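Here's the structure we're looking at; comments come further down.
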Amino acid sequence: MSPKWEHFEHQADIGIRGYGATMEEAFEQAGMAVIAVMVPLERVAQTMRLEVQCEAPDCELLLTDWLNTILREMAIRKMVFSRFRVSIKGMRLAGELWGEPLDISRHEPSVEVKAATYYALRVWLDAADGWGAQCVVDV
């Protein structure tokens with residue numbers, strides 16, 4: 001399966017999904033889906049790289065921790081991201097985020113994602129289709 005992401009409808013919020021051949025790829029694509037809720041990904045240059053880490057007791061909670069780490073770094077550093085790399089060992093995630101400082105006129109943010117929630121939270125492996133990772137994000 002080639003990595004990809006998508007959004008799905010959910011009342012007032014937005015659902016995000018990432019897919020990949022590995023859980024890491026699915027998490028990377030879920031990160032892309034979160035950013036794509038806010039800004040057009042093609043407008044975000046990859047001029048700066050950050051390293052982050054998270055840990056959780058299971059893969060579903062690890063997904064929300066990962067996505068909320070991305071959102072926290074965006075808020076603290078006033079940046080947007082357009083590429084991710086994830087490595088997972090046990091329930092410890094090491095991630096790399098590539099992006100640039102937010103430029104309102106160029107990035108044209110549409111909505112703010114406040115947090116990844118536990119609603120519709122799921123990480124799965126399908127023998128035919130590979131890994132999937134999803135949740136609803138609060139906008």
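Please read all numbers here as calculations on a predicted model, not as lab measurements. One-based numbering along the sequence shown.
- Met32 pairs with exactly one of Ile70, Leu41, Ile16 by the side-chain contact (heavy atoms from CB on, under 4.5 Å) rule, that one being Leu41.
- Applying the side chain to side chain donor-acceptor pair (under 3.5 Å) rule to Glu100 yields the partners Arg106, His107; only residues at least two apart in sequence or on another chain are considered.
- The hydrophobic clustering, which links ILVMFWY residues whose side-chain heavy atoms are closer than 4.5 Å, places Ile104 and Phe81 together.
- A continuous path of ILVMFWY side-chain contacts below 4.5 Å connects Leu62 to Leu125, so both sit in one hydrophobic cluster.
- Leu50 has its side chain within reach of Arg77: a pair of non-hydrogen atoms, C-beta onward, lies under 4.5 Å apart.
- Shortest non-hydrogen contact noted between Leu61 and Ala56 is C-CB, 3.7 Å.
- Rounded to the nearest 0.5 angstrom, Trp98 CH2 and Arg83 CZ are separated by 4.0 Å.
- In this structure, Gln29 contributes its side chain and Gly20 its backbone to no donor-acceptor pair below 3.5 Å.
- Applying salt bridge (Lys or Arg N to Asp or Glu O under 4.0 Å) to Arg85 and the options Glu28, Glu24, Glu96, Glu25 leaves one that passes, Glu96.
- In this view, Arg122 satisfies the side chain to side chain donor-acceptor pair (under 3.5 Å) rule with no residue, not counting sequence neighbours.
- Annotation: the span from Met74 atom CE to Ile35 atom CD1 amounts to 4.0 Å, rounded to 0.5 Å.
- Residues Val34 and Tyr118 share a single hydrophobic cluster, defined by chaining ILVMFWY side chains whose heavy atoms lie under 4.5 Å apart.
- Here the closest heavy-atom approach between residue Val44 and residue Gly99 is recorded as CG1-CA, 4.3 Å.
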Residues 5-13 side chain polar contacts: donor-acceptor under 3.5 Å, at least two apart:
from: Glu6; atom 1: OE2; to: Arg17; atom 2: NH1; distance (Å): 3.0
from: Glu6; atom 1: OE2; to: Tyr19; atom 2: OH; distance (Å): 2.7
from: His7; atom 1: NE2; to: Ala33; atom 2: O; distance (Å): 2.8
from: Asp13; atom 1: OD1; to: Val139; atom 2: N; distance (Å): 3.3

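- Put simply, Met79 and Leu102 are part of the same group of oily side chains (I, L, V, M, F, W, Y) that touch within less than 4.5 Å, one to the next.
- Within a 6.0 Å sphere centred on CE of Met48, heavy atoms belonging to other residues, nucleotides or ligands number 12 at most.
- Of the possible polar contacts, none joining the Asp138 side chain to the Ala115 backbone as a donor-acceptor pair under 3.5 Å is found.
- Using a 4.5 Å heavy-atom threshold, the side chains of Thr22 and Phe27 count as separate.
- Nearest heavy atoms, Leu121 versus Cys135: CD1-CB, 4.0 Å.
- Legend: residues meeting side chain to side chain donor-acceptor pair (under 3.5 Å) with Glu51, ordered by chain and number and at least two apart, are Arg49.
- Counting heavy atoms from C-beta outward, Asp103 and Arg43 have side chains that stay 4.5 Å or more apart.
- Here Leu67 contributes atom CG and Cys54 contributes atom SG; the two are 9.0 Å apart, rounded to the nearest 0.5 Å.
- By the criterion of side-chain heavy atoms lying less than 4.5 angstrom apart, applied directly or through intervening Ile, Leu, Val, Met, Phe, Trp or Tyr residues, Val37 is not grouped with Val136; the two fall into different hydrophobic clusters.
- Contact of the Val80 side chain with the Met38 side chain is not registered, since no non-hydrogen atoms from C-beta on lie closer than 4.5 Å.
- Taking CD1 of Ile88 as the reference point, atom CE of Met23 lies at 4.0 Å (rounded to 0.5 Å).
- Residues satisfying the side chain to side chain donor-acceptor pair (under 3.5 Å) criterion with Ser110, sequence neighbours excluded, are absent altogether.
- Atom-to-atom distance recorded for Asp126:CG and Trp131:CH2 is 11.0 Å, nearest 0.5 angstrom.
- Ala30 and Leu63 get closest at one heavy-atom pair: CB-CD1, 4.0 Å.
- Residue pairs meeting the side-chain hydrogen bond (donor to acceptor under 3.5 Å, both in side chains) criterion with at least one partner in residues 55-66, sequence neighbours excluded, do not occur; the list is empty.
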